[in-house]
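Comments concern the structure below.
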Amino acid sequence: MAPSQQAKSFKSVRGLLAGLAAGLCLLGGLTEANAQAPAKRPPAAPQAPPQTVPQAAPQAVPGFWDPRRRPERPDLSRLTVIRFLTETDYPPFNFTGADGNPAGFNVDLARALCEEIKVTCTVQMRRFETLVDALTSNRGDAIIASMAVSPQLRARVDFTDPYYRVPARFVSRKDAVMPEIRPEYLEGKKVGVIAGSAHEAYLKAMFTDAELRAYPSDDAMRAALRKGEVDFIFGDAISLAFWINGTDSADCCAFSGGPFVESRFFGEGIGIAVRKGNDVLRQALNWAMFRIWEKGRYTDLWLRYFSVSPF
């Protein structure tokens with residue numbers, strides 16, 4: 001969810017990360033039905049639930065694959081090599097390792113997919129805004145770079161099933177955590193949000209009785225929460241997870257309620273892009289991703305990189 005205008009739009013769902021990862025979807029796919037969806041406000045607002053002190057929760061790993069929809073093994077005989085393209089600097093998803101080679105969550109996932117398919121795998125790092133042109137001009141076979149699926153991109157490339165999503169979450173100070181958040185609970189509460197963002201649009205549509213405070217940057221929004229100028233902030237849960245667990249937060253804050261994953265506001269998820277019509281590779285990658293998740297390798301990979309879950 002890191003910032004050419006078009007490149008920024010591709011990355012908007014990914015947030016302003018400098019660095020993922022309690023939910024309850026360890027054994028099944030996280031869908032909008034699983035995630036908390038705000039209900040319409042009833043005629044009379046019920047009393048807000050009592051505030052609780054946050055309890056330590058075990059790390060949970062999201063799963064985006066339904067075990068009841070096991071994909072059939074495709075014909076893999078036509079695949080001999082997969083040339084992955086990824087981004088140059090987007091830690092912890094993509095970065096240059098100490099040995100000078102590509103590293104990160106996306107890179108390790110790409111290598112695991114190639115191991116499952118049993119083909120040679122190469123990973124080339126490029127600037128994000130050049131990736132789609134490189135793919136369509138046959139300088140690579142697949143893009144694995146935390147690329148958000150969008151109608152604009154679907155016109156140029158095909159996508160696999162999502163391998164993660166970027167949910168939205170509320171964050172409060174630790175002494176005011178709510179285990180559940182509904183629109184009626186935030187009546188009159190001050191909520192910080194980034195001006196002009198999808199998160200602001202979502203709050204305006206769903207949390208109509210909250211008092212919104214728009215900020216120009218993540219830093220300004222988070223500082224307002226630390227100072228007590230707002231009761232909650234709402235944004236990209238992945239970047240917020242890193243902030244909560246980092247030194248900049250001074251251990252002030254924790255997630256409240258959520259996650260919220262409505263695709264109309266927060267996108268369809270993050271997928272691997274392949275050239276239009278390359279169904280052989282797309283189906284092979286979908287099959288391999290399911291296998292990796294089923295074997296627990298996705299869980300191992302997630303926990304290696306993400307100490308706080310956004311779900």
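- Side-chain contact check for R83 and N138: at least one donor-acceptor pair (N or O, by modelled atom type) lies under 3.5 Å.
- Counted by atom type alone, N106 and Y90 present zero donor-acceptor pairs between their side chains at under 3.5 Å.
- Checked against the 6.0 Å centroid threshold, Y185 and F207 do not count as a close aromatic pair.
- Nearest approach of V132 to R156, heavy atoms of both residues: CG1-CZ, 3.4 Å.
- When all heavy atoms of L79 and A284 are compared, the closest pair comes out as CD1-CB, 3.5 Å.
- Checking each of V274, N278, L135, V149 against V157 for a side chain to side chain contact (heavy atoms under 4.5 Å, CB included) leaves exactly one that passes, namely L135.
- Not less than 6.0 angstrom separates the ring centroid of Y164 from the ring centroid of Y298.
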Please test L153 against M147 for side chain to side chain contact (heavy atoms under 4.5 Å, CB included), starting from the C-alpha separation and ending with a verdict.
CA-CA 9 Å; L153 279 175; M147 184 168 283; 3.7 Å; yes
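- In R154, the CZ atom is crowded: over 12 heavy atoms of neighbouring residues, nucleotides or ligands sit closer than 6.0 Å.
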Can you list the steps and then say if F105 with S146 is a side chain to side chain contact (heavy atoms under 4.5 Å, CB included)?
CA-CA 10 Å; F105 177 83; S146 296; over 6 Å; no
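- Proximity of a side-chain donor or acceptor of T120 to a complementary backbone N or O of V81 within less than 3.5 Å is not detected.
- The two residues R127 and T88 make their nearest non-hydrogen contact at N-CG2, 3.8 Å.
- Side-chain N/O atoms of D75 and S77 include a donor and acceptor closer than 3.5 Å.
- A donor and an acceptor atom, one from each side chain of S197 and Y202, are nowhere located under 3.5 Å apart.
- Annotation for A145 and E87: closest pair CB-N, 3.9 Å, computed over non-hydrogen atoms.
- Taking the six-membered ring for Trp, F265 and H199 have ring centres at least 6.0 Å apart.
- For F290 and W293, the gap between ring centers is short of 6.0 Å.
- The one candidate from M178, R169, R173 that meets the side chain to side chain contact (heavy atoms under 4.5 Å, CB included) condition with F232 is M178.
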One pair to check against side chain to side chain contact (heavy atoms under 4.5 Å, CB included): I143 and I272. What are the steps and the verdict?
CA-CA 6 Å; I143 300 172; I272 302 174; 5.8 Å; no
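- Minimum interatomic distance between A142 and L281 (heavy atoms only, all atoms of both residues): CB-CD2, 4.3 Å.
- The pair E211-R213 meets the salt-bridge criterion, with a side-chain N (NZ, NE, NH1 or NH2) lying under 4.0 Å from an Asp/Glu carboxylate O.
- Ionic pairing of R275 and D141 is present here: one or more N-O contacts between side-chain nitrogen and carboxylate oxygen are shorter than 4.0 angstrom.
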Before you tell me yes or no, could you show the steps for R222 and W243 under side chain to side chain contact (heavy atoms under 4.5 Å, CB included), namely the whole-Å CA-CA distance, both residues' side-chain angles and the distance that decides it to 0.1 Å?
CA-CA 9 Å; R222 295 166 184 172; W243 177 70; 3.6 Å; yes
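- Of the charged side-chain nitrogens involved, none lies within less than 4.0 Å of a carboxylate oxygen, so that E115 and R111 do not count as a salt-bridged pair.
- Under the 4.0 Å criterion applied to side-chain N and carboxylate O atoms, D133 and R139 are not assigned as salt-bridge partners.
- Across S137 and A134, no two heavy atoms sit closer than the pair OG-O, 3.3 Å.
- Annotation: the span from E262 atom CD to M206 atom CE amounts to 4.5 Å, rounded to 0.5 Å.
- The residues E268 and R165 are annotated as not salt-bridged, no charged nitrogen and carboxylate oxygen being separated by less than 4.0 angstrom.
- Atom-to-atom distance recorded for I82:CD1 and T122:OG1 is 9.0 Å, nearest 0.5 angstrom.
- Within 6.0 Å of atom NZ in K276, more than 12 heavy atoms from other residues, nucleotides or ligands are found, so the atom counts as buried in its surroundings.
- The distance from the CG atom of D209 to the CG atom of L186 is 9.5 Å, given to the nearest 0.5 Å.
- Taking a cutoff of 4.0 Å between a charged side-chain nitrogen and a carboxylate oxygen, R282 and D279 qualify as a salt bridge.
- Residues K190 and D231 are not paired through a salt bridge, judged by the lack of any N-O separation under 4.0 Å between the basic side chain and the carboxylate.
- Using a 4.0 Å cut-off between charged nitrogen and carboxylate oxygen, E187 and K189 do not count as a salt-bridge pair.
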